[in-house]
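Structure, as structure tokens:
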2 protein chains.
Amino acid sequence: MSQARPSSPKLADFLCFAIYSANLAYGRAYKPILEKLGLTYTQYITIVALWENDNQTVGGLGEKLFLESNTLTPILKKLEALGYLHRRRDPADERQVIVSLTDAGRSLREKGLELNLVKATGLSVEEFPKMQKAVTTLRDNLAKAARGVG
Amino acid sequence: MSQARPSSPKLADFLCFAIYSANLAYGRAYKPILEKLGLTYTQYITIVALWENDNQTVGGLGEKLFLESNTLTPILKKLEALGYLHRRRDPADERQVIVSLTDAGRSLREKGLELNLVKATGLSVEEFPKMQKAVTTLRDNLAKAARGVG
DNA sequence: CACCTTAAGTTCGTGTGCGATTAAATCGTA
DNA sequence: TACGATTTAATCGCACACGAACTTAAGGTG
């Protein structure tokens, strides 16, 4: 195993890699919990977004989830097939599709699915919201930069 | 658009969602830079890991990248096809595959590919390493929890 | 109204992630 | 040494993420 040159950038110093690998770790932590419900992580946060605001358009939902319609459409169709939501064209604008939860979709919330992985983060009650805020700000700054602003 | 119930969990309070969406934002910020090189993000960090330590096994590389061989194998084959690395069985243990950079793979480092998105994060020089450390610790705690430890 | 432009979703192809299975090599132990 | 257990990659199928192209609907201008 040859040595790296002194100038070599270290993976451990990359913030992008920390975020990337933390995301993988979160997915692995959530998986055993979510698979008991037959949901993937993306399907789960889609349901959560609908708990927060029902009857959203695909585009509106995508804005909140940071996903394009080409990603959302198959997920929404899957959740519709599972009986958790309905999709219907907006009669006032047939281009848009309104997504709304079914009783089954709403009842997931009451089914004890208040996933709580706070303990697994190792963060204290004071640290948790600070971290959450900091990562959210980071995300918004990156999104701004990607749009060419800043 | 109906109102959410008071008890409804808000997406904006989820640390997992902050990480998830920050990862998407990072990918979008990196894409225009990396596609000039014809590399994806995962291919890029694989190259970085090999800059740091050349001649690694698939498993060893996977440990550093937090990826399994089922994910890495097609990526390594692609990078081999692009001429950036070689794959060969270890003569001392034919089960293992040694991955090593080619001159082309090493030269990517000199080609000014020291991607620097620090400014895009909006973090100060003092904040950046703190954030990087905090997210790394979070990732390690989550990984520990997912393994059933803790 | 006819025509062009814009907007919203869908479809398709590529590239990850990952669970499950397989193939091959090595190890351990009687 | 023979053989079952373990280790390491690779393969396969499924589910995202996303660029690009397509379809349909709405809006704007003459």
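We use all heavy atoms of the structure for the numbers below, so side chains are in, but hydrogens, waters and symmetry mates are not. Every chain is numbered from 1, with letters handed out A, B, ... down the list of sequences.
Scanning for salt bridge (Lys or Arg N to Asp or Glu O under 4.0 Å) contacts around A/Asp93 gives A/Arg95, with sequence neighbours left out. Residues passing the ring pair (Phe, Tyr, Trp, His ring centres under 6.0 Å) test with B/Phe66, sequence neighbours excluded: none. For B/Thr102, the side chain to side chain contact (heavy atoms under 4.5 Å, CB included) partners are B/His86, B/Ala104, not counting sequence neighbours. For B/Thr136, the side chain to side chain contact (heavy atoms under 4.5 Å, CB included) criterion is met by A/Ala18, B/Gln132, B/Arg139, B/Asp140, not counting sequence neighbours. Under the ring pair (Phe, Tyr, Trp, His ring centres under 6.0 Å) criterion, A/Tyr41 pairs with A/Tyr30, B/Tyr20, sequence neighbours left out. Listed by chain and number, the residues in a side chain to side chain contact (heavy atoms under 4.5 Å, CB included) with B/Thr40 are B/Thr42, B/Gln43 (sequence neighbours excluded).
The two residues A/Gln56 and A/Lys64 come nearest to each other via the heavy atoms OE1-NZ, 2.8 Å. When every heavy atom of B/Leu76 is checked against every heavy atom of B/Thr46, the shortest pair comes out as CD2-CG2, 3.8 Å.
In this structure, A/Arg88 places its CZ atom 14 Å from P of C/dT10, rounding to the nearest Å. Atom pair B/Glu63:CD and D/dA9:P shows a separation of 10 Å (rounding to whole Å applied). Between B/Tyr30 atom OH and C/dG15 atom C1' the separation is 19 Å, expressed in whole Å. Regarding A/Gln56, its CD atom lies at a distance of 15 Å from the C1' atom of C/dA8, rounded to whole Å. Between A/Leu34 atom CG and C/dC18 atom P the separation is 14 Å, expressed in whole Å.
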Between protein and nucleotides 3-7 of chain C, what N or O pairs are separated by less than 3.5 Å?
| unit_1 | atom_1 | unit_2 | atom_2 | d |
| --- | --- | --- | --- | --- |
| C/dA7 | O4' | A/Arg95 | NH1 | 3.2 |

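Annotation: side-chain hydrogen bond (donor to acceptor under 3.5 Å, both in side chains) contacts involving residues 69-81 of chain A, sequence neighbours excluded, comprise A/Glu80-A/Arg87. Under the side-chain hydrogen bond (donor to acceptor under 3.5 Å, both in side chains) criterion, the residue pairs touching residues 120-129 of chain A are A/Ser124-A/Glu126, A/Ser124-A/Glu127, with sequence neighbours excluded.
Between B/Asp13 and B/Lys10 there is no salt bridge, since none of the side-chain N atoms of the basic residue sits less than 4.0 Å from a carboxylate O of the acidic one.
Rounded to 10 degrees, the angle between the two end axes of the helix from C/dC1-D/dG30 to C/dA30-D/dT1 is 10°, with five pairs used at each end.
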Review point. Quick one: what's the B/S/- string for nucleotides 10-19 of chain D, heavy-atom cutoff under 4.0 Å, read 5' to 3'?
Key: BBB--SSBBB

